[in-house]
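The structure appears right after this line, and notes come after that.
Just so you know, ligand 1 is whichever comes first in the structure, and atom 1 is the first atom listed for that ligand.
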Amino acid sequence: MDHSCAQTPITVHQMFQETLDKYGSLNALISRQDGKLEQVTFSEYYKLSRRAAKSFLKLGLERFHSVGILGFNSPEWFISAVGAIFAGGITTGIYTTNSPEACHYVADDCRANIIMVENQKQLDKILQIWNRLPHLKAVVQYKGSLQEKHPNLYTWEEFINLGNEILDSQLADILDSQKPNHCCVLIYTSGTTGQPKGVMLSHDNITWTAAHASKAGEMIPAEIHQEIIVSYLPLSHIAAQIYDLWTGIKWGEQIYFSDPDALKGTLVNTLKEAQPTSHMGVPRVWEKIMERIKEVSAQSGFFKKKMLSWAMSVSLERNLSSPRSGNLKPFLTTLADYLVLSKIRSALGFAHCEKYFSGAAPLMTETLEFFLGLNITLYEAYGMSETAGPHIMSSPQVHKLGSCGKPVPGCKVKLSNEDSDGNGEICFWGRTVFMGYLNMEEKTREVFDDEGWLHSGDLGKLDKEGFLYVTGRIKELIITAGGENVPPIPIEDKVKKELPIISNAMLIGDKKKFLSMLLTLKSTLDLDTSDPTDHLTQEAIQFCHEAGSRATTVSEIVRSRDQAVYKAIQDGINRVNANATSNAQRIQKWTLLATDFSVLGGELGPSMKLRRPIVLEKYKEDIESFYQE
Ligand SMILES: Nc1ncnc2c1ncn2[C@@H]1O[C@H](COP(=O)(O)OP(=O)(O)OP(=O)(O)O)[C@@H](O)[C@H]1O
C-alpha cells in the first residue's frame, strides 16, 4: 500500500469536530434571504447540523436509510446533508430536473425516510409519488411557506425545532457507533450511459478525498487564508458536493450560495459580490462564459475589439510558451493584462480568483486556449462518482496543457489493455474508490477486476512524466455495422470548432452502415425558464451573415432549409471529413434540430454531458430517416 498520504480514517463528524476546533468562529455559509445577507459561522453550522440530526431522529430516520434532498444549493441543503449523516442516515441528493418518476426511482432505491424539498414545485413531484414510497415518513419544504397543509409535511422552521427533546446522549450513542467504512453518501449517476446507479461512498471516501484532492488542487487552509467559493453547480452531482460541501468543511472555506437563477445569468452578480478565490465549473459553464465574451466583443466598437484580440493573443502566446523559455515580452504581457484582461476578469467577478478548475467532462482545447488568452489557466480535475470525484488533478504545480494532471498523492492509476499508441482503459486505485453500487451487486463486480482496480470505462494515455490524458470513453464508443470503432467526442469537437454556429453535435452510427450527426444551433436562453429560445446568439448570427444569410432565428433556418447556412455547414463538415482518420469515420448525413439540447429538455445531464441514450430515443425518427434506403 502507498503510505504517502496516510491519514487515520475518520468519520464526517470527526472531520467537522476538527474544523470546529480550528475555525469555529469563521463564517462558513453565506446566503441572501429576502435580499438580506445571512452568515452562519462554523460553530453555528455544527449546532444546526446537530439540531437537524435530532429532528431527523424524531421523524423516524432509521440507520442507513436515506434523507433525500431535492433542491437548489442553500445552507439548508448543507445542514440537512450533514445532519442526516450525524443521525446515522445516508445523504442522497436528487436532481432538481428529475421528473416525478425519476425522483421515485431514487427515493425508492435509497429507502428515503425523509425528503427535503426546496419549494412547491419540487414538493408537487413528491406528493404525486408519496403513496408508492413505503419508507417515506415525512417531507420538509426548506424554503418559503407551505401553500397547503398535508400530514407529515413541515416547514424548515417547524423541522429544525422538532428534535428539541431528543437527548444529547441519544445522538452521542449514534455518533460513537459510526465507523469510517460505513456508507454515508449516495450519489446517483446521471444516466449518460444507462439507468442511474446509486454510488455508495463511505465516511473515509468523503473525508479522505476532501482532505487530499483539494490539497493536490492547492487549496489553502483557513488558518493561512480563508478560501471563498461560490456554490452553484448541482449538489446531487459528486463534483459540486465534494468541492463545495465536504471540502468546505475540511478546509474551513467560506461558501457563498448563488441564486437559483445562477445559470440563467445571475451567477456573475454573486461572483462579483463574493469575490471567490477559487472557482470550479463544468466545461459547458466555461464554454458559456466564452460564448458570452465573444458575443459582447462582437457587438463592441472597432477599437475595443482590436484591443481585446491583441491582449488575448499576447497572453495566449505567453501562456503557451514553456516556462523555461522565459517571458519574451514581459512589458507587453503586463500591459495587456493591466489594460484589458484584468478588467474582463473583474467584470466576471474573478478579480481575486487564484485557481480555476474544470471537471466532470472533457474540456475542448479551444476553451482552454480562450481562457489562457484571458490569463486564466483552467486546471482540470478528472474522476467519477465512483472515485468520490477527483482522482486525477492538475494545479499550478502539476500542469501540462491538455492533460488532466497526475493522480492525487496516495492514489494510483494504471492503463489496462493498452494499444500500440499507448491508449488503454483508465483504472483507479485508492481511498477515493467507492464501496459499490447500492442493490446492484452484479454491476459492482463488473467494474472491479481481480486485483481490486476500478475500471473507469474511459480511455487514456500516460506520458513519460506520468501526466494523464483522457482520450475517449469506451462506454460511448460507436461500433459501426462494418466493425469500425469510432470515438464520437473528437469528431463532435472538430465539428463544433469548425462551425461556430453549432451548439451541440451528436454522432450516430452504432451498428449502422455509416456515420451521421444531429446538430443544434447556438440560441439564447429564456431567462425565466432556462430553455433555449428560437433566437440565434450573436455569434451564430455573425456566422449566418458571413455565409450570406440574414437569418436571426433557428426556425427560419430549419423551416426554409436556408440554403446559404446549410451550404456553409456542409462545407464545414466536408473540412472535418477531409481530415478523418478513415473513410468509415466520415459524417455522411446530418440534420439540424429545431431546438438546442438542454438540461431541462433531458438531453444534457447535470454536468452537461450528453445523455446519448435519451437523445437517441427522443430523435428516433430523425435518425431512422438517415438510414432509410
Ligand atoms: N476532466 C475530465 N476529462 C474528461 N472526461 C471527464 C473528466 N471528468 C470526468 N469525465 C467523464 O465523466 C465520467 C464520470 O462521470 P460521473 O461519475 O459524473 O457520471 P455521470 O455523469 O453522473 O453519469 P454516468 O455514470 O451515467 O455517465 C468519467 O468516467 C469521464 O468519462
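Atom 8 (N) of ligand 1 has its nearest heavy-atom neighbour, among A360, G389, P196, A239, in A360. Distances from atom 30 (C) of ligand 1 to the heavy atoms of I392, D458, L363 put D458 nearest.
Judged by a 6.0 Å distance limit and a 45° cone about the ring axis, K443 is not positioned over the six-membered ring of Y437. With a 6.0 Å cutoff to the six-membered ring centre and a 45° limit on the axis angle, K406 counts as a cation-pi contact of F467.
When non-hydrogen atoms are compared, ligand 1 lies under 4.0 Å from the backbone of A381 (N, CA, C, O) but not from its side chain. Contact annotation: for M384 versus ligand 1, heavy atoms closer than 4.0 Å belong to both the backbone and the side chain. Contacts with ligand 1 closer than 4.0 Å are made by heavy atoms of both the backbone and the side chain of T189. Both the backbone and the side chain of S385 come within contact range of ligand 1, each with a heavy atom under 4.0 Å. At a heavy-atom distance under 4.0 Å, no atom of S358 approaches ligand 1.
Contact analysis leaves I238 out of contact with ligand 1, as no non-hydrogen atom separation drops below 4.0 angstrom. Ligand 1 is never approached by G605 to a heavy-atom distance shorter than 4.0 Å.
A side-chain donor-acceptor contact under 3.5 Å links E76 and S74.
Comment: R284 engages E287 in a salt bridge, judged by a side-chain N to carboxylate O separation of less than 4.0 angstrom. The residues D510 and R612 are annotated as not salt-bridged, no charged nitrogen and carboxylate oxygen being separated by less than 4.0 angstrom. One finds no salt bridge joining K475 and E425 here, because no Lys/Arg side-chain nitrogen approaches an Asp/Glu carboxylate oxygen to under 4.0 Å.
Polar contact check, Y95 against ligand 1: no nitrogen or oxygen pair lies under 3.5 Å apart. Considering backbone and side-chain atoms together, H237 places an N or O closer than 3.5 Å to an N or O of ligand 1.
Considering Y356, Y243, F350 in turn, F350 is the only one that fulfils the ring-ring contact (aromatic ring centres under 6.0 Å, His included) rule with H279.
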Inset, instruction - Could you check F428 against F434 for ring pair (Phe, Tyr, Trp, His ring centres under 6.0 Å), going step by step and ending with a plain yes or no? - result: CA-CA 10 Å; F428 301 117; F434 78 134; over 10 Å; no

Inset, instruction - Determine, stepwise, if the pair L518 / N504 fulfils side-chain contact (heavy atoms from CB on, under 4.5 Å). - result: CA-CA 8 Å; L518 298 176; N504 279 289; over 6 Å; no

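Counting atoms of ligand 1 from 1 in the listed order, those under 4.0 Å from a heavy atom of K475 are 29 (O). Heavy-atom contacts of E380 reach the following atoms of ligand 1: 1 (N), 2 (C), 3 (N) (cutoff under 4.0 Å). Below 4.0 Å from some heavy atom of G383 lie the following atoms of ligand 1, by number and element: 8 (N), 9 (C), 14 (C), 28 (C).
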